[in-house]
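One is the number of the first residue; the rest follow in order along the sequence.
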Amino acid sequence: MVVWSHKLRGFRPDSARDSSVWSNDLGKMVVEVSHLDMKIEVASTQTPFQRIHIYDTIDAKKRDIWSYHKSLSDDGSYESLNKELYKPDRIVFLEGVLQSTRLGNEAYHEALVQPAMFAHVHPKRVGIIGGG
């Protein structure tokens, strides 16, 4: 445990820290955070170009896991009738750097979509490819 905490919490030379995805946003926002009620790795893969990590998290400071579990039931409760409000935050990291979250990125995504929507006479769908 001591070796793990030293490696992940910054007790490394700068050269090793820069090459590790754990020293970026991924380490700071998911791995090292102790107030998350839920932390599930949805996917982790290495492509020929980059390392991708996807996590579902529930931050105990903003939500609670009890409400999430209640939303999964079909008992007629407020939580079960409004499942979308209790979904975990899905966080996507490329090379350990935050790219997108389910909660709170509306303004960022709107800024990518609106120019394409206004450029077309009758827009129906927009695909953003290479927007980062």
Test log, rule side-chain contact (heavy atoms from CB on, under 4.5 Å), inputs His69 and Ile65: CA-CA 6 Å; His69 286 299; Ile65 198 158; 3.5 Å; yes
Evaluation steps, side-chain contact (heavy atoms from CB on, under 4.5 Å), between Asp59 and Met38: CA-CA 7 Å; Asp59 188 338; Met38 184 179 90; over 6 Å; no
Candidate pair Arg63 and Tyr68, rule side-chain contact (heavy atoms from CB on, under 4.5 Å), full reasoning: CA-CA 8 Å; Arg63 298 194 159 142; Tyr68 167 65; over 6 Å; no
Pair Tyr78-Lys70, side-chain contact (heavy atoms from CB on, under 4.5 Å): steps then yes or no: CA-CA 9 Å; Tyr78 179 82; Lys70 191 144 176 78; over 6 Å; no
Full working for side-chain hydrogen bond (donor to acceptor under 3.5 Å, both in side chains) between Arg51 and Ser44: CA-CA 7 Å; Arg51 182 95 180 136; Ser44 179; 3.0 Å; yes
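Closest non-hydrogen pair, Tyr55 versus Glu41, comes out as OH-OE2, 3.3 Å. Closest non-hydrogen pair, Arg102 versus Pro88, comes out as NH1-O, 2.6 Å. Nearest approach of Glu95 to Gln50, heavy atoms of both residues: OE2-CA, 2.9 Å. Across Lys39 and Val30, no two heavy atoms sit closer than the pair NZ-O, 2.9 Å.
Side-chain atoms of Ser80 and Asp75 include a donor-acceptor pair closer than 3.5 Å. No side-chain donor from either of Arg90 and Ser100 sits under 3.5 Å from a side-chain acceptor of the other.
Remark: the backbone N or O of Leu85 is not paired with any side-chain donor or acceptor of Asn82 at under 3.5 angstrom.
Side chains of Ser71 and Lys87 form no contact here, defined as non-hydrogen atoms less than 4.5 Å apart. Asp56 places none of its side-chain heavy atoms less than 4.5 Å from the side chain of Asp89. Here the side chains of Lys28 and Leu98 are not in contact, with every heavy-atom distance at 4.5 Å or above.
Residues Ile40 and Leu72 share a single hydrophobic cluster, defined by chaining ILVMFWY side chains whose heavy atoms lie under 4.5 Å apart. Following chains of ILVMFWY side-chain contacts shorter than 4.5 Å, one cannot reach Leu81 starting from Tyr86, and the two form parts of different hydrophobic clusters. Leu36 and Leu103 are members of different hydrophobic clusters when ILVMFWY side chains are connected at heavy-atom separations under 4.5 Å. If you chain together hydrophobic residues whose side chains sit under 4.5 Å apart, Trp66 and Ile58 never meet in one group.
Exactly one residue among Leu26, Ile52, Ile54 makes a side-chain contact (heavy atoms from CB on, under 4.5 Å) with Phe93. That residue is Leu26.
A salt bridge is defined here as a Lys NZ or Arg NE, NH1 or NH2 lying under 4.0 Å from an Asp or Glu carboxylate O, and Asp37 with Lys62 fails to meet this definition.
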